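Working notes, structure below.
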Amino acid sequence: MRTVFPVGVVLLVLLAIPGLVVFAADLFGYGDAINAWLEGRLGLSHRVALGLPAAFAMFCIPPLIVLLYFLRLKRKPVSVPSTFLWKKSIEDLHVNRLMQWIRRNILLLLQLFAVMLMIYGVLGPRLHGAILGGKHYILILDNSASMSATDVSPDRLAWAKAEAIKEIDAATDSDSGMVIAFSDAAEIRQGYTTNRGELRNAVNAVTATQRATKIDEALSLAASLANPLRSTENEAAAPPNPEPGKERTYVAPEGLQADVHLYSDGKFPPVPEFALANLNLTYHVPPAPDEQGASDNVGILRLDAERDPEDATKVIARATVRNYRAADADVRPRLEVLEGGTRLAASYDDDDSRRDKRRTPLRARTERADLTFTLPDLPENTDIVLRLRLDGNKDAFPLDDTAWVVLGVVRKARVLIVGPDNRPLRYFFDSEATKKLADTAYLPASALTSADPKDYLTPARDGKYDLVIFDRCAPDAVDKLPTANTLFIGAVPPPLVLGGQGVPMGPNVAEPVAGPSVRGWQSRHPVMRGLQALDEVDVSEAYRLPELPARTQRLIEGTQNLVLLAAVPRQAFTDLVMSFPLMTDDNKWNTNWPLKVSFPLFLRNVVMALGNVRDAATEDALKPGQVKVLRLGSVPEVRLTKPDGDTQTLTRGSRPDYLVTQTEQLGVHVVRWADPAGKGEQSRRFAVNLFDGLESDLAVLKEVKIGNATIAADAPRKQPRDLWKYPVLLGLLALVVEWWVYNKRVQI
């Protein structure tokens with residue numbers, strides 16, 4: 001029993017040393033370094049719960065307890081019959097022997113043990129806590145389509161959110177965090193803040209999308225503070241209006257060191273042009289099952305359809321299906337015909353299955369790019385949607401198990417030609433090929449000034465026509481222009497006027513110029529698509545157009561600085577202005593362009609681009625997030641119904657087209673509007689499909705390449721646990737034992 005007290009003292013000293021070292025490091029400003037060392041080797045960290053003065057006072061309590069025991073006299077009453085015994089009695093008053101009175105006192109050990117435990121509670125030990133205090137960290141969460149895969153329970157995005165919250169819980173009160181969510185576009189969900197509650201709410205609010213993955217924008221947002229391109233101090237120090245070519249940097253930009261935690265499966269293209277610089281990137285991947293580079297998925301990568309050129313009622317659909325599994329997959333592709341977009345009319349197996357009357361398993365890690373479906377008896381101008389499904393297939397990624405394609409509905413352009421008889425125009429618009437594209441009406445130039453508005457003004461202003469061609473004539477006022485696209489041939493739209501004999505020159509007058517030729521042209525505009533050899537076009541007389549409005553496109557330019565063809569914007573419409581006529585008033589040729597191959601192609605482009613024409617081909621397939629362009633003439637507003645049934649009203653504003661950007665959902669979208677000609681409600685459908693091999697391949701990438709750096713996946717941080725409560729409870733228990741010993745007067 002004599003060894004219990006010395007052993008207890010040694011253990012207390014050993015218990016006190018780590019706390020003293022950690023507190024001394026905090027006292028002298030090395031707390032962050034100690035935290036980094038502890039977490040790197042022991043998975044621990046600390047955070048002093050009190051201010052340094054209060055903590056210092058706490059650390060002074062153990063020496064004070066020992067001092068009080070030193071000063072405390074513990075003598076037994078002794079009767080002194082002679083002076084011989086005074087010497088021994090006086091020695092009891094001395095503290096020359098350090099442990100004379102406290103060496104056998106268990107109360108002292110218990111009191112010191114309790115106080116030390118309380119001190120460790122004040123130090124705030126944490127298991128797997130934060131690395132540094134006052135740092136900046138950025139949480140980047142991938143919420144693209146592949147993150148909805150269920151090979152991680154409940155899905156990959158839920159895993160990413162849970163891991164991000166662990167990182168938030170591991171941060172200190174002085175750490176600033178940011179939350180960014182990204183798919184093919186990125187969004188800051190929460191800017192830098194030390195409020196961990198707001199960061200948790202931002203992470204929990206991230207929802208899955210059905211879009212592809214691109215990390216470029218997310219990295220740019222993360223680097224906006226860490227790697228600034230410009231310095232405000234430099235802008236303040238730089239002299240105003242420096243000489244061009246002699247600008248220089250006076251104060252270099254300084255960024256912020258930031259720890260970036262990327263939670264993703266890595267299904268994004270490499271980012272070769274990005275420099276991490278001040279970003280310390282840690283890449284966290286979901287613990288998806290490793291099937292030797294394979295994944296639990298069978299997906300549709302392509303679906304398109306076209307009508308048989310020899311039989312317009314027959315539709316041939318082709319699809320590509322890939323098996324990403326490490327084993328063969330027994331799937332049954334079925335193509336369904338939906339009338340009106342919803343009612344199932346028929347379903348078909350692929351041609352090979354129907355011919356062989358059996359299904360062939362899809363080999364592991366292979367694809368079938370030649371799946372063909374032949375669908376008979378599908379008449380034109382019928383509202384039909386084709387839906388491809390993989391029957392019998394259950395995998396971890398259902399988003400690519402269904403695909404849609406919308407068969408086009410023929411819509412002809414409604415064209416009005418105003419002016420004298422023009423043989424080149426008649427030849428084109430009266431041809432059988434053009435009649436399949438447009439219904440054409442003719443009016444004389446006198447209709448523009450007719451007293452009866454029903455001749456021209458009422459139908460033109462009510463949106464009865466998609467395209468109005470003014471040949472050598474024009475309305476005399478802006479308010480008489482049609483609510484439609486226009487083509488002015490040898491004429492100009494008001495308020496411009498043509499010059500000539502008896503017309504005084506002015507800022508709105510187009511002057512006649514003789515003998516120009518074509519010098520150049522723009523081929524990117526839709527009406528100029530495919531036009532060649534325009535330099536062979538000769539013109540006898542053209543007009544020099546006055547200053548044109550802003551955003552006017554010069555499509556064909558001639559010698560003498562002339563604009564021969566211009567696209568002038570007018571609210572939601574386009575006015576094409578051809579500054580030279582095809583025929584003169586005495587019915588003679590003014591140009592040889594109608595004799596060139598490019599002329600009928602030009603008129604066809606005008607009808608297709610400005611006449612709101614739809615042929616019988618399928619609607620263009622979109623991927624999630626892509627913009628759908630709809631040209632619906634003078635329709636002021638439309639209603640968009642998404643695949644989930646949500647309906648929104650869209651207005652065109654001053655644009656000539658509707659730009660539908662609400663295309664995040666997979667499936668068939670429906671656009672409805674009231675027909676301006678009074679033909680009831682019209683509708684148009686378009687499909688959105690995933691069709692992304694990277695998203696469908698669920699195999700997690702263990703490393704990603706960003707700039708020149710290759711980032712390997714790091715193990716996710718474990719959930720941090722505060723340990724301060726345990727030493728506090730033990731300290732309280734030690735005090736209870738000390739109280740019991742004191743009352744029992746127990747001594748060793």
Side-chain angles (χ1 to χ4, degrees), residues 309 312 408 410-443 465-473 484-491 516-542 553-558 562-568 573-585 587-617 631 633:
V410 174
R411 184 193 184 280
K412 295 182 179 181
R414 298 169 298 188
V415 180
L416 172 66
I417 299 178
V418 183
D421 186 59
N422 189 317
R423 284 176 294 166
L425 293 181
R426 284 277 187 178
Y427 291 154
F428 176 81
F429 282 97
D430 290 348
S431 66
E432 293 300 323
T434 305
K435 287 182 178 179
K436 295 180 180 180
L437 300 177
D439 292 327
T440 307
Y442 296 89
L443 285 177
Y465 304 106
D466 302 302
L467 172 65
V468 179
I469 300 177
F470 295 98
D471 179 24
R472 291 166 286 172
C473 63
N485 297 309
T486 63
L487 169 61
F488 288 86
I489 302 177
S517 59
V518 176
R519 186 183 62 181
W521 61 93
Q522 181 189 128
S523 59
R524 292 191 300 261
H525 196 277
V527 303
M528 302 296 293
R529 187 176 296 122
L531 301 188
Q532 297 180 356
L534 294 183
D535 52 350
E536 299 177 0
V537 174
D538 296 326
V539 177
S540 297
E541 186 179 73
Q553 299 184 61
R554 300 173 176 236
L555 305 183
I556 301 179
E557 294 186 292
L562 292 179
V563 178
L564 300 180
L565 182 65
V568 181
F573 306 104
T574 298
D575 295 326
L576 278 180
V577 181
M578 185 187 299
S579 64
F580 58 94
L582 301 177
M583 308 290 293
T584 62
D585 292 337
N587 212 26
K588 294 182 179 179
W589 294 96
N590 184 61
T591 175
N592 64 345
W593 196 13
L595 304 178
K596 304 294 183 180
V597 177
S598 59
F599 182 73
L601 179 57
F602 166 73
L603 291 181
R604 179 181 173 84
N605 288 344
V606 170
V607 173
M608 296 294 293
L610 304 183
N612 191 22
V613 174
R614 293 203 308 273
D615 57 20
R631 183 177 291 273

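Numbers for residues simply follow the sequence, beginning at 1. Bear in mind the structure is a predicted one, so any value in this text is a computation, not a measurement.
Taking CG from N485 and CG from L576, the interatomic distance works out to 8.0 Å, rounded to the nearest 0.5 Å. One distance of note links CG of D439 with NZ of K436; it measures 14.0 Å at 0.5 Å rounding. Rounding to the nearest 0.5 Å places CD of Q522 at 5.0 Å from CD of Q553. Taken from CD1 in I417 to CG in L467, the straight-line distance is 8.5 Å, to the nearest 0.5 Å. Separation of atoms CG (L487) and CG (L610) is listed at 8.0 Å; rounding is to 0.5 Å. A distance of 9.5 Å separates OG1 of T440 from CZ of R426, quoted to the nearest 0.5 Å.
A perpendicular orientation is assigned to the rings of F599 and W593, their planes being inclined by more than 60° (bins at 30° and 60°).
The shortest non-hydrogen separation linking V415 to A438 is CG2-CB, 3.9 Å. Across V527 and A609, no two heavy atoms sit closer than the pair CG1-CB, 4.1 Å. For the residue pair I489 and P581, the shortest heavy atom distance occurs at CG2-CA, 4.2 Å. Of all non-hydrogen atoms in C473 and A491, the two that sit nearest each other are O-CB, 3.4 Å. Taking both residues in full, the closest heavy atoms of M578 and F602 are given as CE-CE2, 3.8 Å, listed atom of the first, atom of the second, then distance. In plain terms, the two heavy atoms of R529 and L601 that are nearest each other are O-CD2, 4.0 Å.
A donor-acceptor pair under 3.5 Å links the side-chain atoms of N590 to the main chain of E541, judged by distance alone. At least one donor-acceptor pair under 3.5 Å links the side chain of N592 to the backbone N or O of D538. Looking only at distances, a side-chain donor or acceptor of D466 sits under 3.5 Å from a matching main-chain atom of R414.
Contact annotation: the side chain of F580 never approaches that of L562 to less than 4.5 Å [non-hydrogen atoms, C-beta and beyond]. Contact annotation: the side chain of W521 never approaches that of L565 to less than 4.5 Å [non-hydrogen atoms, C-beta and beyond]. Annotation: side chain of L534 is in contact with side chain of I556 (closest heavy-atom distance under 4.5 Å). Residues T486 and F573 fail the side-chain proximity criterion, which asks for heavy atoms closer than 4.5 Å. Side-chain contact check for D421 versus N587: every heavy-atom pair is 4.5 Å or farther apart. Contact annotation: the side chain of V606 never approaches that of I469 to less than 4.5 Å [non-hydrogen atoms, C-beta and beyond]. Side-chain atoms of L531 and N605, non-hydrogen and from C-beta on, do get closer than 4.5 Å to each other. In this structure, S579 and V563 have side chains that are not in contact, with every pair of non-hydrogen atoms separated by 4.5 Å or more.
Residue R554 qualifies as open at atom CZ: its count of foreign heavy atoms under 6.0 Å is 12 or below. Residue-environment remark: CZ (R472) exceeds the threshold of 12 foreign heavy atoms within 6.0 Å.
Checking D471 against Y442 by side-chain atom types alone, no donor-acceptor pair falls below 3.5 Å.
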